[in-house]
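The structure appears below as structure tokens.
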Protein chains: 2
Amino acid sequence: MVTISDVAKRAGVSRSTVSYVFSGRRAISPEVRARVADAARELGYTANAGARALRTSQTRVIGLLAQFLDDEFAPAMLQYIQGVTDTARKLGYDVLLVTDPDGPAALRRVTDSRMVDGVVLLNVAEDDPRIPLLRNAEQPGALVGLPRDGAGVDVFDLDFPEAGRLMVEQMVEAGHEEMLLISQPHDVVERGGAYVWRLRDGCMQRAEQLGVRVHHSFAPSRAPEIGECLHDLLDEHPGVTGLLLNNEAAATALPGVLHQRGLSAPDDLSVIGRYSEEFARVFSLPFSSVESAPDFLGRLAVQHLVHRIEGQRPHDSAYIARLVAPVFRDRGSVGPAKRI
Amino acid sequence: MVTISDVAKRAGVSRSTVSYVFSGRRAISPEVRARVADAARELGYTANAGARALRTSQTRVIGLLAQFLDDEFAPAMLQYIQGVTDTARKLGYDVLLVTDPDGPAALRRVTDSRMVDGVVLLNVAEDDPRIPLLRNAEQPGALVGLPRDGAGVDVFDLDFPEAGRLMVEQMVEAGHEEMLLISQPHDVVERGGAYVWRLRDGCMQRAEQLGVRVHHSFAPSRAPEIGECLHDLLDEHPGVTGLLLNNEAAATALPGVLHQRGLSAPDDLSVIGRYSEEFARVFSLPFSSVESAPDFLGRLAVQHLVHRIEGQRPHDSAYIARLVAPVFRDRGSVGPAKRI
DNA sequence: CTGAAAGCGCTTACAG
DNA sequence: CTGAAAGCGCTTACAG
């Protein structure tokens with residue numbers, strides 16, 4: 001292994017000079033600079049990350065705590081992860097991906113041991129047990145997902161109530177008066193997945209204001225159960241003319257279900273989902289949707305986290321809670337209301 | 001920040017004793033052990049990862065080099081990543097997820113700086129430029145994917161030629177004589193994605209032996225292009241009674257295409273895909289398939305890597321190249337041959 | 001413009 | 001059974 005001493009010896013300078021050549025924190029004569037650069041290149045020198053971390057208390061690594069839960073849809077999670085890793089790399093950080101089912105233990109491990117300079121939390125629950133730990137950690141934290149108490153961390157999430165309102169408005173504008181909202185499984189709510197009822201409440205509130213009816217149901221997030229459930233729900237609600245989906249698995253299963261029933265959107269039924277453009281593309285989903293912006297949220301979280309890490313924003317300056325406005329993406333699946 | 005010195009002071013022992021209590025590498029009297037444990041707990045001590053790495057030359061981190069390429073299907077990649085992270089954690093390792101588009105630079109960065117104890121490479125190309133670098137690195141490496149020259153690293157992959165043969169055999173057994181194999185886009189082959197032609201050659205060879213005909217076509221890996229392409233291919237090959245899919249996007253788009261044409265499997269057309277059980281579940285794919293075993297391959301790679309890291313297998317002892325036998329998963333989409 | 005030295009927080013051979 | 005000391009490879013205040 002080649003160390004800074006090897007480079008110094010070969011270039012005929014001190015170790016500190018080598019260090020300064022790389023950091024640029026000191027004026028170095030052109031000749032010395034060149035000698036050092038040559039020596040480093042010839043020997044293939046790269047600074048030892050552990051030594052540098054020990055000395056500077058900086059690892060240039062961000063911890064990403066993500067879980068692939070049974071009741072959530074893994075491909076949807078992936079997009080947040082991509083947003084985080086891509087942005088981190090652009091800002092010069094690597095990502096430690098921690099998927100340990102015991103989130104609090106994993107968080108403590110990576111922060112206490114100082115493996116990371118900051119942490120991004122995904123799958124945030126309303127009373128997420130990781131948040132108090134993160135608040136007490138010396139590293140800053142950013143969440144994707146809105147908890148009850150986001151003090152001490154920066155929070156980024158989709159404005160789910162607004163997403164719910166938007167869905168209803170789009171349907172009502174097209175003349176619908178009876179809709180069905182299909183949410184994630186109730187397990188997600190029990191686990192503290194607040195986005196489920198936040199979107200639902202937005203729907204219900206707007207529906208009341210506009211004098212229309214929205215039924216609500218939790219539904220499985222796995223195939224094939226979700227398909228059967230969709231059939232049952234359609235049977236139970238013959239008056240429904242519009243479907244609102246806050247459940248990615250339901251969105252992916254719906255084309256097959258409609259086919260089996262000989263229905264199509266928007267001719268027989270209008271549909272609006274809540275998922276990202278990329279998700280729609282990957283799953284060839286033909287439904288209009290409210291954009292969930294996972295890549296954007298991941299990017300925001302990392303950008304603000306790096307700001308705090310690098311001290312542009314002091315550790316205790318005002319914390320952000322930013323709700324991203326949902327955007328409606330029209331794919332033509334909302335038409336006039338028709339009883340099936 | 002609480003260090004080993006703080007614990008030593010509080011427990012009234014030397015720093016070395018504290019260290020030995022944690023490592024268990026030395027007999028410690030029960031009283032001292034208890035005092036140290038109490039002090040550590042009270043102060044919330046965790047060893048500094050950078051200091052430990054510097055001293056021991058071990059980080060307990062595995063580098064995972066993965067790319068989300070446009071011409072491959074991201075949700076399929078995810079399963080390899082899950083296999084790797086889950087297994088790593090079970091064996092006591094964290095995972096540094098590196099998705100940098102410049103693979104060689106990223107690999108050099110994480111190995112030369114000693115951020116990781118070993119590396120797993122995904123998206124392995126036939127002449128992957130990362131492999132010579134990995135061979136020269138001091139850390140061991142494991143690949144998921146078969147390169148032309150796997151010397152110096154452990155290699156794990158599905159036995160793709162056998163997968164191709166198996167697909168043909170299953171079809172022929174059901175009476176099919178004219179099939180169409182739909183592969184990943186040609187870009188993947190150009191990039192060195194050897195599995196594409198390995199599976200194809202297996203198909204073709206077995207087809208010749210059995211005296212049947214297999215057409216072949218590259219197809220896009222993105223929606224909606226893949227859907228149109230499937231329509232065109234079915235138009236072009238009216239004599240085909242069996243479809244073989246080595247293209248995940250094609251598998252996910254096919255149900256919609258069949259529906260649009262008023263066809264169903266296996267009544268009108270028999271279908272066999274190449275994807276994992278989990279993938280079939282997530283995308284509700286009704287087609288029989290040859291299992292691609294991403295979780296198993298990820299697990300194997302990590303297990304062998306950790307073996308090398310921990311010295312159970314010396315760095316230069318015989319390298320493994322293990323091809324996992326494909327398994328046929330019958331979902332009932334192969335029936336008697338019928339001209340459409 | 002450059003160097004010698006201290007010290008970050010650990011682990012482990014050496015000594016008792 | 002326990003401690004004092006060396007040293008891993010860096011960076012940076014101190015000194016010139």
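Each chain gets a letter, A, B and so on, in the order the sequences are listed, and its residues count up from 1. If you're wondering where the values come from, they're calculated on a predicted model, not measured in any experiment.
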For [X], enumerate each residue passing the ring-ring contact (aromatic ring centres under 6.0 Å, His included) test, keeping only those at least two apart in sequence or located in another chain.
{"X": "B:Phe296", "result": "none"}
{"X": "B:Tyr80", "result": "none"}
{"X": "A:Tyr45", "result": "A:Phe22"}
{"X": "B:Tyr20", "result": "none"}

Sequence neighbours left out, what passes side chain to side chain contact (heavy atoms under 4.5 Å, CB included) with A:Ala66? Give chain and number order.
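A:Ala66 satisfies side chain to side chain contact (heavy atoms under 4.5 Å, CB included) with A:Met77, A:Ile81, A:Leu97, A:Leu122, A:Asn123 once adjacent residues are dropped.
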Applying side chain to side chain contact (heavy atoms under 4.5 Å, CB included), name anything that partners B:Ala151, two or more places apart in sequence or on another chain.
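With neighbours one apart ignored, the set is B:Arg135, B:Asp149.
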DNA chain D stem ranges, 3 or more consecutive Watson-Crick or G-U pairs under 3.5 angstrom
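Looking at DNA chain D, the stems formed by three or more consecutive pairs are C:1-3 with D:14-16, C:5-12 with D:5-12, C:14-16 with D:1-3.
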Short side-chain donor-acceptor distance under 3.5 Å, A:Thr111 and A:Gln139
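Absent: no donor and acceptor within the cut-off.
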Drop me the distance from B:Leu121's CG to B:Arg130's CZ, to the nearest 0.5 angstrom.
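The CG atom of B:Leu121 sits 3.5 Å away from the CZ atom of B:Arg130.
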Is a side-chain donor or acceptor of [X] paired with a backbone partner of [Y] at a separation under 3.5 angstrom?
{"X": "A:Asp117", "Y": "A:Thr59", "answer": "yes"}
{"X": "A:Asp157", "Y": "A:Val144", "answer": "no"}
{"X": "A:Ser292", "Y": "A:Pro294", "answer": "no"}

Whole angstrom is fine here: how far is it from [atom1] in [X] over to [atom2] in [N]?
{"X": "A:Arg114", "N": "D:dC10", "atom1": "CZ", "atom2": "P", "result": "21 Å"}
{"X": "A:Arg15", "N": "C:dC8", "atom1": "CZ", "atom2": "P", "result": "16 Å"}
{"X": "B:Ile4", "N": "D:dA6", "atom1": "CD1", "atom2": "C1'", "result": "15 Å"}
{"X": "A:Phe22", "N": "D:dT12", "atom1": "CZ", "atom2": "P", "result": "15 Å"}
{"X": "A:Lys9", "N": "C:dT2", "atom1": "NZ", "atom2": "P", "result": "20 Å"}

For residues 28-36 of chain B, which residues have at least one heavy atom under 4.0 Å from DNA chain D?
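Nucleic-acid contacts, sorted: B:Ile28, B:Ser29, B:Val32.
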Quick one, which residues of residues 42-57 of chain A touch DNA chain D with a heavy atom under 4.0 Å?
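Residues of residues 42-57 of chain A under 4.0 Å from DNA chain D: A:Tyr45, A:Thr46, A:Ala47, A:Asn48, A:Ala51, A:Arg52, A:Leu54, A:Arg55, A:Thr56.
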Residues forming a side-chain hydrogen bond (donor to acceptor under 3.5 Å, both in side chains) with B:Ser16, sequence neighbours excluded
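Partners of B:Ser16 by the side-chain hydrogen bond (donor to acceptor under 3.5 Å, both in side chains) criterion, ordered by chain and then number, come out as B:Ser14.
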Could you list the protein-to-nucleotides 13-16 of chain C atom pairs, N/O on both sides, closer than 3.5 Å?
residue, atom, partner, partner atom, Å
C:dA13, N7, B:Tyr20, OH, 3.4
C:dA13, N6, B:Tyr20, OH, 2.9
C:dC14, N4, B:Arg26, NH2, 3.4

Applying side-chain hydrogen bond (donor to acceptor under 3.5 Å, both in side chains), which residue pairs with at least one partner in residues 27-36 of chain B are found, sequence neighbours left out?
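Of all non-adjacent pairs touching residues 27-36 of chain B, none passes side-chain hydrogen bond (donor to acceptor under 3.5 Å, both in side chains).
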At less than 4.0 Å, is any side-chain N or O atom of B:Ser14 found next to OP1 or OP2 of D:dG3? Yes or no.
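It does, given that an N or O in the side chain of B:Ser14 lies less than 4.0 Å from OP1 or OP2 of D:dG3.
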Heavy atoms only, 4.0 Å cut-off, all strands: where does A:Arg25 land among base, sugar-phosphate and nothing?
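If one applies the 4.0 Å heavy-atom cut-off, A:Arg25 turns out to touch the sugar-phosphate alone, with no base involved.
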Of the options D:dT2, D:dT11, C:dC1, whose atoms approach the side-chain atoms of A:Ser19 most closely?
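In terms of side-chain proximity for A:Ser19, the closest of D:dT2, D:dT11, C:dC1 is D:dT11.
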